[in-house]
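Read through the structure below, which is laid out as structure tokens, and then see the notes.
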2 protein chains.
Amino acid sequence: MAANDFEPDDHASPRRDAGVWLRATPSRKRRSPPLSTERIIAAAVELLDTDGAAQLTMRRLASQLQVSATALYWHVQTKDDVLDLALDHIFGDVAIPPETPDWRDDAAELIRRWRTAMLDHPWAPGLIGRPMLGPNVLARTEFLQEALARSGLSGVDLEVATHALANYVIGAAATQAAWRTVDSARGHDHARDGLEQLKQQYPTLSASGHLDPPHRDDSVVFDRGLDAVLNGVTATGLRSGRRS
Amino acid sequence: MAANDFEPDDHASPRRDAGVWLRATPSRKRRSPPLSTERIIAAAVELLDTDGAAQLTMRRLASQLQVSATALYWHVQTKDDVLDLALDHIFGDVAIPPETPDWRDDAAELIRRWRTAMLDHPWAPGLIGRPMLGPNVLARTEFLQEALARSGLSGVDLEVATHALANYVIGAAATQAAWRTVDSARGHDHARDGLEQLKQQYPTLSASGHLDPPHRDDSVVFDRGLDAVLNGVTATGLRSGRRS
DNA sequence: ACCTGAACACCGTTCAAGT
DNA sequence: ACCTGAACACCGTTCAAGT
């Protein structure tokens with residue numbers, strides 16, 4: 001009840017206080033560096049990595065930062081903001097490779113790194129569905145497009161090529177990360193039976209491994225597909241296309 | 001207060017009741033066809049189409065079906081089930097084209113219809129991130145793979161081709177539907193300014209139209225990309241690839 | 001300027017109970 | 001077999017108030 005918990009509130013004396021030196025914490029207790037958008041994003045990515053997108057909550061995020069939930073709204077307008085920022089953040093991990101004389105190597109390498117970044121954060125593909133216009137994404141897209149331009153593409157051809165490659169990675173990462181979420185969700189035993197049934201119903205698909213969870217040579221399939229798309233999308237490839 | 005609202009509760013008489021004939025509704029009032037997984041899915045798709053994924057709620061879904069929220073759980077295990085089912089459902093709209101002698105036309109046509117189905121339901125790309133193993137998706141994937149097999153592909157080559165095309169549509173639909181959600185969210189005036197800034201920062205990207213919201217010739221860009229991927233992925237294309 | 005606390009209007013899901 | 005109602009343990013977000 002009393003304002004001061006240290007002593008019974010019998011009689012007020014100036015000597016009651018032991019002085020600054022014995023006070024456990026400075027009165028302005030700073031538990032941690034001040035909140036900032038950057039710290040929020042970092043904590044969000046950590047939470048997403050460990051617990052998945054469904055577990056990311058403003059309240060959990062706040063408690064991880066030792067802050068009241070409503071404090072976040074000083075730095076961020078909405079939960080979707082946090083998600084957009086977290087998504088763009090992980091593309092910072094996609095190192096932009098040093099430009100080599102070979103535009104094709106440059107483009108391929110960027111795409112490959114793009115893919116591994118998404119697979120490192122399996123919640124990321126699930127966040128696609130909102131425009132990705134963050135600085136990290138745009139910088140990498142710009143690098144990709146510049147590499148493709150060096151191949152001689154321009155105008156609509158360049159646009160087509162950039163989109164084709166970007167769409168390919170995004171799709172590939174999405175379908176692959178999908179599997180990752182499912183067996184972490186311990187569909188293990190029960191899902192196995194369901195898969196067996198599916199395989200019997202779709203023999204063609206199953207023979208080609210389309211119904212199998214991801215395995216070791218997924219990235220070789222990805223690399224070969226990437227190669228094929230690069231071939232098809234390249235200046236000569238576009239010009240030799242069957243259709244208009 | 002009284003159990004019977006028709007008459008003041010003065011004295012109970014057997015003649016108070018006018019008989020079956022005058023009762024407005026049969027005592028077992030069946031307000032609508034009985035609930036079923038199918039009806040739930042249909043209502044879910046409708047709600048998703050009109051209000052978007054964020055507005056899909058078990059409670060809203062139930063009230064649309066004139067049923068208590070908890071009734072849904074008799075037919076469905078979880079909300080995610082509803083989403084998975086709704087997503088697979090819309091791929092039923094992707095008519096499987098009649099097989100023509102031209103495997104390439106068959107494959108291309110399926111992919112194009114796949115894309116429009118997703119664009120008709122812009123919430124769909126946002127649901128990717130969980131494995132799509134519904135019957136509608138699998139039937140279409142099987143058709144696609146069969147068409148590609150007719151081109152002479154088999155084994156890993158076939159797997160690569162199927163994945164490449166599927167990834168391409170998924171990615172394309174996702175990025176394009178993303179824009180659709182943003183301007184329906186009335187970012188109109190405010191987002192416009194932000195876009196102008198972005199265009200100045202990324203002149204290369206912006207010159208190629210990568211920063212513009214979807215416009216009329218998006219589907220020609222898509223079609224040309226599809227053509228390019230088909231070229232690259234085709235048996236001859238794969239064999240002539242630069243790399244291993 | 002930055003953060004807290006209480007409050008509002010919701011959520012998904014479980015479970016006993018009704019018919 | 002199928003549905004309701006109450007209840008539980010949460011949500012995102014607003015806003016006045018504190019420092």
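Worth knowing before you read on, the calculation uses all heavy atoms, side chains too, and leaves out hydrogens, waters and symmetry mates.
For A:E109, the side-chain hydrogen bond (donor to acceptor under 3.5 Å, both in side chains) partners two or more places apart in sequence, or in a different chain, are A:R112, A:R113. In terms of the side-chain hydrogen bond (donor to acceptor under 3.5 Å, both in side chains) criterion, A:T116 has no residue partners (sequence neighbours excluded). A:D49 pairs by the side-chain hydrogen bond (donor to acceptor under 3.5 Å, both in side chains) definition with A:H121, A:W123, not counting sequence neighbours. Partners of B:E142 under the salt bridge (charged side-chain N to carboxylate O under 4.0 Å, His left out) rule, at least two apart in sequence or in another chain, do not exist in this structure. The salt bridge (charged side-chain N to carboxylate O under 4.0 Å, His left out) check on A:D212 picks up A:K199, with sequence neighbours excluded. Among residues two or more places apart in sequence or in another chain, the salt bridge (charged side-chain N to carboxylate O under 4.0 Å, His left out) test is passed with B:D84 by B:R130. For A:R60, the side-chain hydrogen bond (donor to acceptor under 3.5 Å, both in side chains) partners two or more places apart in sequence, or in a different chain, are A:D51.
Where pairing requires Watson-Crick or G-U contacts shorter than 3.5 Å, the helical stems of DNA chain D with at least three consecutive pairs are C:4-8 with D:12-16, C:12-16 with D:4-8.
Of the residues in residues 71-89 of chain B, those lying under 4.0 Å from DNA chain C by heavy-atom distance are B:Y73, B:T78, B:K79. Annotation: proximity of residues 47-64 of chain A to DNA chain D (heavy atom, distance under 4.0 Å) is found for A:L56, A:T57, A:M58, A:R59, A:R60, numbered in ascending order.
Distance CG (A:L65) to C1' (C:dC2): 15 Å, rounded to an integer number of Å.
Residue pairs meeting the ring pair (Phe, Tyr, Trp, His ring centres under 6.0 Å) criterion with at least one partner in residues 70-96 of chain A, sequence neighbours excluded, are A:F91-A:W114. Screening residues 162-179 of chain B for salt bridge (Lys or Arg N to Asp or Glu O under 4.0 Å), with sequence neighbours left out, gives no hits.
Taking only side-chain atoms of A:P34, from C-beta outward, the nucleotide of C:dC3, D:dT13, C:dT14 with the closest atom is C:dC3.
Put simply, CG on B:D81 and CG on B:L72 are 11.5 Å apart, with the number rounded to the nearest 0.5 Å.
The C1' atoms of D:dC3 and C:dC15 are separated by 13 Å, rounded to the nearest whole Å.
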